[in-house]
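Heads up: the structure comes next, in C-alpha cells.
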Amino acid sequence: MADTHSSPRSVFSPVLIESREHPLRRWLEHFERRDFDDLSLNLTSARSANKRRWKARRIEVNQFRVPIAGLGRELDGLRIVHLTDIHHGLYFSAEALLAAVELANSLEPDVVALTGDFVSYSRNFANSAGELLSGLRARRGVYAVLGNHDFRVGADLVTRALRRHGIEVLRNRHTVIRSGAAQLHIAGVDDLWYNPNLPRALQRIPRGRPVVLLSHNPRIVAAAAHFSVDLVLSGHTHGGQVRLPFLERMRDGNHSPRRFHVGWDSWGRTRIYISRGIGTIVVPVRWACPPEIPVFTLDSRPTPR
Ligand SMILES: [Fe+2]
C-alpha cells in the first residue's frame with residue numbers, strides 16, 4: 001500500500017496544534033513525582049471490589065458495528081474494545097484502572113486497542129500501568145500506541161513497561177490478524193507531535209487489504225485517508241473533558257460542531273472514531289463528558305461507497 005506512492009511523506013506534515021504549558025502543570029508535576037504508595041492498595045478486598053464496580057458503572061460503553069470493505073468472512077464479527085487516555089497517576093488510581101480492565105474484559109474482546117496517554121506527568125506510574133493492563137484478556141491480542149504524555153515521560157520507558165506485561169506496542173509498524181483466508185492489518189503510529197511515520201507503519205501491506213490504524217492524535221486522519229486506511233481509532237481530546245455550555249459556544253463560535261474532536265467522523269473513505277477516553281488531565285473532573293469505552297464489531301458485508 002504505502003510503497004505504491006513515490007513520496008508519501010510529502011503529504012504527511014505533522015501540525016503542532018498546541019504547545020502552551022498549562023499553568024497548573026508544574027504544580028501537578030510536583031505532586032505526581034512524589035513516590036505514592038499507589039500499588040500497595042489491597043485490590044482484592046471486598047471493599048475494593050465494590051469500589052471498582054462503582055467506578056466501572058461511571059464508564060459509558062458504546063458499541064458500534066463497522067463495515068470494513070474486503071474483510072474476509074472468517075473475521076466477520078471481530079470485536080475491538082478501545083481504551084484510551086488512561087492517565088494513570090495522581091487522579092486515576094490503580095483501583096480505577098483495574099475497574100476499567102474488568103469492564104473491558106466483560107465485553108469479551110477479540111482485540112484490545114490502547115491508544116496512548118497511559119500516564120500523565122510522572123514516570124513512577126508507567127510500570128504500574130503496564131502491570132494493571134496485563135489483566136486485559138483478548139483472544140487475538142492487546143495492541144498499543146503511545147500518546148504525547150507517554151513521550152513526555154519517556155517513550156522507551158513506557159514501551160518497556162507495556163511490553164514487559166505482554167502488550168504489543170506498535171511504534172510505526174503493523175501486525176496481522178489471520179483467520180483462514182481472512183486478514184486484518186492493525187497498524188500503529190507514534191504520537192503526531194513526536195515524529196510518527198505512517199508510511200513505515202503501513203509498508204508492505206498489499207493494496208486493498210483492510211487496515212485499522214491506532215493513532216493517539218486524530219489529526220492523522222488526512223494522511224490515513226491518503227493511504228486508504230479503513231478505520232482509525234484515536235483519543236487525545238478527552239472529548240473536551242469539561243463541556244460547559246458557555247465554553248462550548250465560545251469554542252465553536254458559529255455553533256457548527258468541530259471536526260475530529262469526538263465520536264465519528266470521516267475523511268474520504270476513511271472512518272475515524274475519537275473516544276472520550278477514561279482518564280482526565282489537569283483537573284480530575286469531567287462535565288457532560290463521561291468516560292467511555294467504545295466497542296467496534298467489524299462487519300465483512302460490503303457496503304456501497
Ligand atoms: Fe490524554
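As the structure lists them, so they are numbered: ligands from 1, and atoms in each ligand from 1. Side chains are part of it too, since the values below use all heavy atoms of this structure and drop only hydrogens, waters and symmetry mates.
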Below 2.8 Å, can you find an N, O or S atom of His87 next to the Fe ion (ligand 1)?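 Yes, since at least one N, O or S atom of His87 sits under 2.8 Å from the Fe ion (ligand 1).
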Report yes if the distance between the aromatic ring centroids of Trp267 and Phe227 is under 6.0 Å, otherwise no.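 No.
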May I ask you to test the His82-Val295 pair for a side-chain heavy-atom distance under 4.5 Å?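 A side-chain contact is absent here, since even the closest heavy-atom pair is not under 4.5 Å.
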Restricting to N, O or S, what is the name of the atom of [X] that lies nearest the Fe ion (ligand 1)?
X: His238; answer: NE2
X: Asp85; answer: OD1
X: Asp117; answer: OD2

Side chain of Asp150, backbone of Gly116: donor and acceptor closer than 3.5 Å?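 No, the answer is negative, given that no donor and acceptor are paired below the 3.5 Å cut-off.
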Reference residue Asp190; test salt bridge (charged side-chain N to carboxylate O under 4.0 Å, His left out); the match among Arg171, Arg200, Arg173: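 Exactly one candidate clears the test, Arg171.
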